[in-house]
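Just the heavy atoms: all of them, side chains too, but no hydrogens, waters or symmetry mates, feed the values below. Just so we're on the same page: letters track the sequence lines, and every chain starts at 1.
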Amino acid sequence: MLQLTASFFQRDVLQVAPELLGKVLATPKHRALITEVEAYRGEEDLACHASKGRTPRTEIMYHEGGHLYIYLIYGMYWMLNIVCGQADSPEAVLIRGIEGLNGPGKLTRYLGIDKSYYGEQLGFSDRIQLFDPGVCLPYRTTPRIGIDYAGEPWVSKPWRYLIK
DNA sequence: GGCACGATGTGA
DNA sequence: CACATCGTGCCG
């Protein structure tokens, strides 16, 4: 199976996100199909952490696609994101679900992903890789979860993608 | 330094 | 529905 590398992610996050469905997320101990993702796109997207501008936390989102953006939420759960797009265009895909595990916090706990993965580069890492089984799966979209605070139009953008 | 608040999950 | 639990952004 071919490994996904930088160029795959260095495109508009809205194009990359649906294509991530069905890709295989691999660590030394696990291997699982991605079933659900969400797109966060640019400083103008008030649901995107980059809407607060460039900070130590969001710094990696300003790098070119292919890096991992990891952050802690509710003091308990590590969120796994893949940076997309070109440098200085802060975009990322949140991995929300893998086969057999729904929920972004559950999958990182299961895979053992934490802050130490921040900035890791897909294609160069030996702790985490993404493979392409070469299939395109039918999917549906919905608004993103848990971002009511962002308000319109962001709360209504159909930027959550799930395998049908 | 202090404070409010989450891109969540669990259990009553 | 309550709440655990802590890094981050923002204010002072």
Side-chain angles (χ1 to χ4, degrees), chain A residues 4 8-23 25 27 30 32-122 127-128 130 139-164:
Chain A
L4 295 179
F8 176 85
F9 301 101
Q10 291 168 7
R11 296 176 291 146
D12 192 303
V13 67
L14 296 182
Q15 189 177 0
V16 176
E19 291 184 23
L20 279 177
L21 297 173
K23 297 293 186 284
L25 186 58
T27 65
H30 302 98
L33 279 193
I34 295 175
T35 57
E36 178 182 350
V37 300
E38 273 178 4
Y40 290 85
R41 189 172 184 268
E43 292 184 342
E44 71 274 17
D45 174 8
L46 296 185
C48 179
H49 289 167
S51 64
K52 308 241 183 228
R54 203 163 183 150
T55 68
R57 181 175 65 151
T58 61
E59 174 62 28
I60 200 68
M61 292 185 79
Y62 288 79
H63 287 231
E64 72 278 11
H67 295 268
L68 299 188
Y69 168 46
I70 312 287
Y71 68 92
L72 182 70
I73 189 66
Y74 299 118
M76 283 173 269
Y77 304 105
W78 294 105
M79 299 288 108
L80 167 62
N81 297 253
I82 304 173
V83 175
C84 292
Q86 302 298 314
D88 295 318
S89 174
E91 312 174 0
V93 176
L94 168 65
I95 308 300
R96 279 195 71 85
I98 56 177
E99 209 170 20
L101 277 185
N102 296 320
K106 279 202 248 181
L107 72 90
T108 51
R109 195 175 51 192
Y110 174 72
L111 296 173
I113 292 171
D114 61 15
K115 183 79 178 180
S116 71
Y117 284 74
Y118 183 97
E120 201 82 359
Q121 250 190 105
L122 293 178
R127 311 200 275 169
I128 182 167
L130 218 42
Y139 65 92
R140 66 191 177 91
T141 64
T142 79
R144 294 170 292 180
I145 304 297
I147 55 144
D148 287 353
Y149 64 85
E152 295 294 353
W154 312 108
V155 70
S156 299
K157 297 282 187 191
W159 290 354
R160 176 179 178 228
Y161 305 82
L162 307 91
I163 289 180
K164 214 177 276 184

Looking at the side chain of [X], which of [options] is the nearest nucleotide?
X: A:R109; options: C:dC6, B:dT10, B:dG6; result: B:dT10
X: A:K106; options: C:dC6, B:dG6, B:dG9; result: B:dG9
X: A:Y74; options: C:dG9, B:dG6, B:dA7; result: B:dG6
X: A:L72; options: C:dA4, C:dG7, B:dA7; result: C:dG7

Output the rounded distance in Å from [atom1] ([X]) to [atom2] ([N]).
X: A:R144; N: B:dG6; atom1: CZ; atom2: C1'; answer: 15 Å
X: A:L107; N: B:dA7; atom1: CG; atom2: C1'; answer: 13 Å
X: A:D148; N: B:dT8; atom1: CG; atom2: P; answer: 11 Å
X: A:W159; N: B:dA7; atom1: CH2; atom2: P; answer: 16 Å
X: A:L80; N: B:dG9; atom1: CG; atom2: P; answer: 13 Å
X: A:I70; N: B:dG6; atom1: CD1; atom2: P; answer: 21 Å
X: A:K52; N: B:dG6; atom1: NZ; atom2: P; answer: 9 Å
X: A:M76; N: B:dA7; atom1: CE; atom2: C1'; answer: 14 Å

Atom pair CD1 (A:I82) and CD1 (A:I128), whose distance is rounded to the nearest 0.5 Å: 7.0 Å
Straight-line distance of A:R160 CZ to A:Y139 OH, nearest 0.5 Å: 14.5 Å
Using a cut-off of strictly less than 4.0 Å, decide whether [X] has a side-chain nitrogen or oxygen near OP1 or OP2 of [N].
X: A:R160; N: B:dA7; result: no
X: A:Y77; N: B:dG6; result: no
X: A:H49; N: B:dA7; result: yes

Complementary nucleotide for B:dA7 - Watson-Crick or wobble, under 3.5 Å: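 Here B:dA7 is not engaged in any pair, so there is no nucleotide opposite it.
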Pair partner, C:dT5 [Watson-Crick or wobble, under 3.5 Å]: none
Residue pair A:I34, A:L130: steps toward the side chain to side chain contact (heavy atoms under 4.5 Å, CB included) verdict: CA-CA 10 Å; A:I34 295 175; A:L130 218 42; 3.9 Å; yes
A:R54 atom CZ, over 12 foreign heavy atoms within 6.0 Å: yes
Sugar-phosphate, base or nothing in reach of A:R57, heavy atoms under 4.0 Å: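 Sugar-phosphate only.
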Sugar-phosphate only, base, or nothing, as touched by A:L94 at under 4.0 Å among non-hydrogen atoms: base
Salt-bridge contact A:R96-A:E38 (side-chain N to carboxylate O under 4.0 Å): yes
Under 5.5 Å and under 30°: A:Y40 stacked on B:dA7: yes
